[in-house]
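FYI, the numbering just counts along the sequence from 1. Here the structure is a predicted model, which is why all the values come from computation and not from measurement.
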Amino acid sequence: MGSREERYLNHHELVPLAALISRELKNERMEKPTVRYGSAAQSRKGEDYFLMRTDCQRVLGNPSSSFSVFAVFDGHNGNAAAVYSRDNLLNHVLSAIPRGLGRDEWLHALPRALVAGFVKTDKEFQSRGQTSGTTATFVIVDGWTVTVASVGDSRCILDAQGGAISALTVDHRLEENVEERERVTASGGEVGRLSIFGGNEVGPLRCWPGGLCLSRSIGDMDVGEYIVPIPYVKQVKLSSAGGRLIIASDGIWDALSSDVAAKSCRGLPAELAARQVVKEALRTRGLKDDTTCIVVDIIPPDNKIQPASPPKKKHNKFRSWFFRRKSQDSSSRLSKKLSAIGIVEELFEDGSAILAERLANDDSNNQGTSGIFICAVCQVDLAPSEGISVHAGAIFSTSSIPWQGPFLCADCRNKKDAMEGKRPSGVKVA
């Protein structure tokens with residue numbers, strides 16, 4: 001049997017449930033925090049949707065492997081993209097994680113799986129021919145570890161014990177994000193305000209064609225390939241004191257700063273806190289947009305609150321499996337400051353819009369061992385001659401290294417090229 005077939009079988013090798021449960025119990029911190037959550041919303045356009053699930057399991061049938069998912073989707077130009085993302089994004093993310101992983105490896109796999117899941121959701125929704133789009137802020141809480149992926153301007157903040165507030169997302173508004181403006185224009189898009197009669201310009205900066213004021217979203221097939229679905233991803237580990245997450249659509253953040261939103265609901269249980277944040281936003285600005293808020297409290301076990309201490313850096317042998325690059329933006333510096341005083345440990349952060357960077361492994365010794373016969377985005381099986389290296393230049397490039405994975409199917413490779421400006425604007429990918 002050839003080496004590629006052996007790798008394929010190893011990747012798909014089934015692990016007995018008893019072995020997985022034993023591994024989970026061995027690696028899992030038994031005293032997990034309690035998760036309490038609540039939501040509130042006021043609708044004006046009917047385009048905000050949200051997801052709250054606390055019954056997810058890394059190992060089916062093993063309650064000790066449970067994790068929670070919370071997400072906000074703010075649709076535009078209709079609600080179809082928001083509804084589709086709410087119903088499908090979680091499954092697409094989970095399908096991109098190799099089976100049989102222990103908890104640490106599973107958490108390390110999440111950032112890359114989130115990228116693949118967002119891109120797959122966008123690709124499949126666009127294949128339906130509908131033109132709506134949506135922001136997506138997607139949060140996974142597993143024990144003390146919080147992983148957030150986001151496109152658009154629905155924000156997630158962390159209100160840690162001691163009153164430190166930090167952003168776990170980056171807004172992808174062209175008006176405020178200089179890096180995204182530069183990316184769009186470098187890819188061949190145009191950024192400008194809406195022109196009205198007489199040559200006057202009004203409103204926020206938008207991407208043309210299409211006129212969308214966001215630079216990243218799911219859907220929006222009618223606004224060109226410069227609007228990408230590749231999420232900003234941040235993963236942090238809370239201290240044993242826990243903390244509160246506030247996840248909300250821009251109906252909240254256009255009215256309230258992160259500090260005001262957090263302070264307005266301190267001391268309230270999660271359900272009342274979510275209502276209070278919405279109430280405060282409506283009091284400040286009125287109901288000018290759909291307004292949705294989820295509050296998630298990560299609460300330490302009773303009588304187990306310990307004073308925060310600087311986190312210990314642990315080397316994990318699986319760390320090299322997955323690409324982990326620290327961005328140098330302001331939120332990264334803030335996280336390092338928080339880490340230094342023991343409030344939160346930053347595990348991963350990357351906001352690059354280049355798909356090859358986000359899917360590639362950083363260890364060449366492992367590049368051929370993970371899913372060599374599977375598309376890294378849509379997870380379809382590939383024949384030995386079908387895989388196209390994610391590292392290749394254009395789709396017809398002769399510089400492709402056939403054994404350097406991960407690999408994409410031709411359809412996902414077309415999507416990648418379009419997102420990276422290697423195809424003329426207006427060419428749609430079914």
| Would you say the side chains of S150 and T169 form a donor-acceptor pair under 3.5 Å? | no
Donor-acceptor contact below 3.5 Å, side chain [X] vs main chain [Y]:
| X | Y | value |
| --- | --- | --- |
| Q379 | C375 | yes |
| N177 | H172 | no |
| S249 | T292 | yes |
| R181 | E175 | yes |
| R58 | L101 | no |
| R155 | D171 | no |
| R216 | V228 | no |
| E182 | A186 | no |
| S187 | G189 | no |
| D297 | I299 | no |

| request: For L245 and V141, run side-chain contact (heavy atoms from CB on, under 4.5 Å): C-alpha distance rounded to whole Å, both residues' side-chain angles, the deciding distance at 0.1 Å, then the answer. | output: CA-CA 10 Å; L245 303 173; V141 179; 4.0 Å; yes
Considering all heavy atoms of both residues, which atom of [X] and which atom of [Y] are nearest to each other, and what is their separation?
| X | Y | answer |
| --- | --- | --- |
| R244 | A273 | NH1-CB, 3.5 Å |
| K416 | A356 | CE-CB, 3.8 Å |
| D48 | G75 | OD1-N, 4.4 Å |
| V69 | C56 | CG2-SG, 4.0 Å |
| V277 | A261 | CG2-O, 3.8 Å |
| A71 | I294 | O-CD1, 3.6 Å |

Flag the pair [X] / [Y] as yes when at least one side-chain heavy-atom distance between them is below 4.5 Å, and no otherwise.
| X | Y | answer |
| --- | --- | --- |
| K415 | V377 | no |
| K234 | V170 | no |
| L158 | V148 | no |
| V151 | I230 | no |
| S258 | W253 | yes |
| K32 | S66 | yes |
| C207 | I227 | yes |
| T131 | D220 | no |

| task | Would you mind checking if R413 and D417 are paired as a salt bridge, meaning a charged N to carboxylate O distance below 4.0 Å? | result |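 R413 and D417: salt-bridged.
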| said: Show, in sequence, the C-alpha distance, side-chain angles and deciding distance for V296 and V146, and conclude whether the side-chain contact (heavy atoms from CB on, under 4.5 Å) test is met. | reply: CA-CA 11 Å; V296 181; V146 178; over 6 Å; no
| said: Among E357, R183, R358, which residue satisfies the side chain to side chain donor-acceptor pair (under 3.5 Å) criterion with S352? | reply: E357
| task | Determine, stepwise, if the pair R173 / E180 fulfils salt bridge (Lys or Arg N to Asp or Glu O under 4.0 Å). | result | CA-CA 8 Å; R173 286 187 175 181; E180 286 296 278; over 6 Å; no
| Of F73, Y49, F125, which is the lone residue that meets ring-ring contact (aromatic ring centres under 6.0 Å, His included) with Y84? | F125
Counting only pairs under 3.5 Å, give me each side-chain donor-acceptor contact of residues 34-43, with atom names and distances, residues two or more places apart or in other chains.
| unit_1 | atom_1 | unit_2 | atom_2 | d |
| --- | --- | --- | --- | --- |
| S43 | OG | G46 | N | 3.1 |

| field | For T145, all residues meeting side-chain contact (heavy atoms from CB on, under 4.5 Å), sequence neighbours excluded | value | R103, L107, T147, Q235, K237, L347
| field | Contacts of type side-chain contact (heavy atoms from CB on, under 4.5 Å), residue A149, not counting sequence neighbours | value |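 Here the qualifying residues are L114, F118, P231, V233.
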| request: Sort and list the pairs that fulfil salt bridge (charged side-chain N to carboxylate O under 4.0 Å, His left out) and have at least one residue in residues 73-98, not counting sequence neighbours. | output: none
| request: Any pair with a residue in residues 257-272 that passes salt bridge (charged side-chain N to carboxylate O under 4.0 Å, His left out), sequence neighbours left out, goes on the list, sorted by first then second residue, please. | output: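 Every pair satisfying salt bridge (charged side-chain N to carboxylate O under 4.0 Å, His left out) with a residue in residues 257-272: D159-R266, E271-R275.
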List the atom pairs, with distances to 0.1 Å, where a side-chain N or O of residues 89-98 and a protein N or O form a donor-acceptor pair under 3.5 Å, not counting sequence neighbours.
| unit_1 | atom_1 | unit_2 | atom_2 | d |
| --- | --- | --- | --- | --- |
| H92 | NE2 | E124 | OE1 | 3.3 |
| S95 | OG | N91 | O | 3.3 |
| S95 | OG | H92 | O | 2.9 |

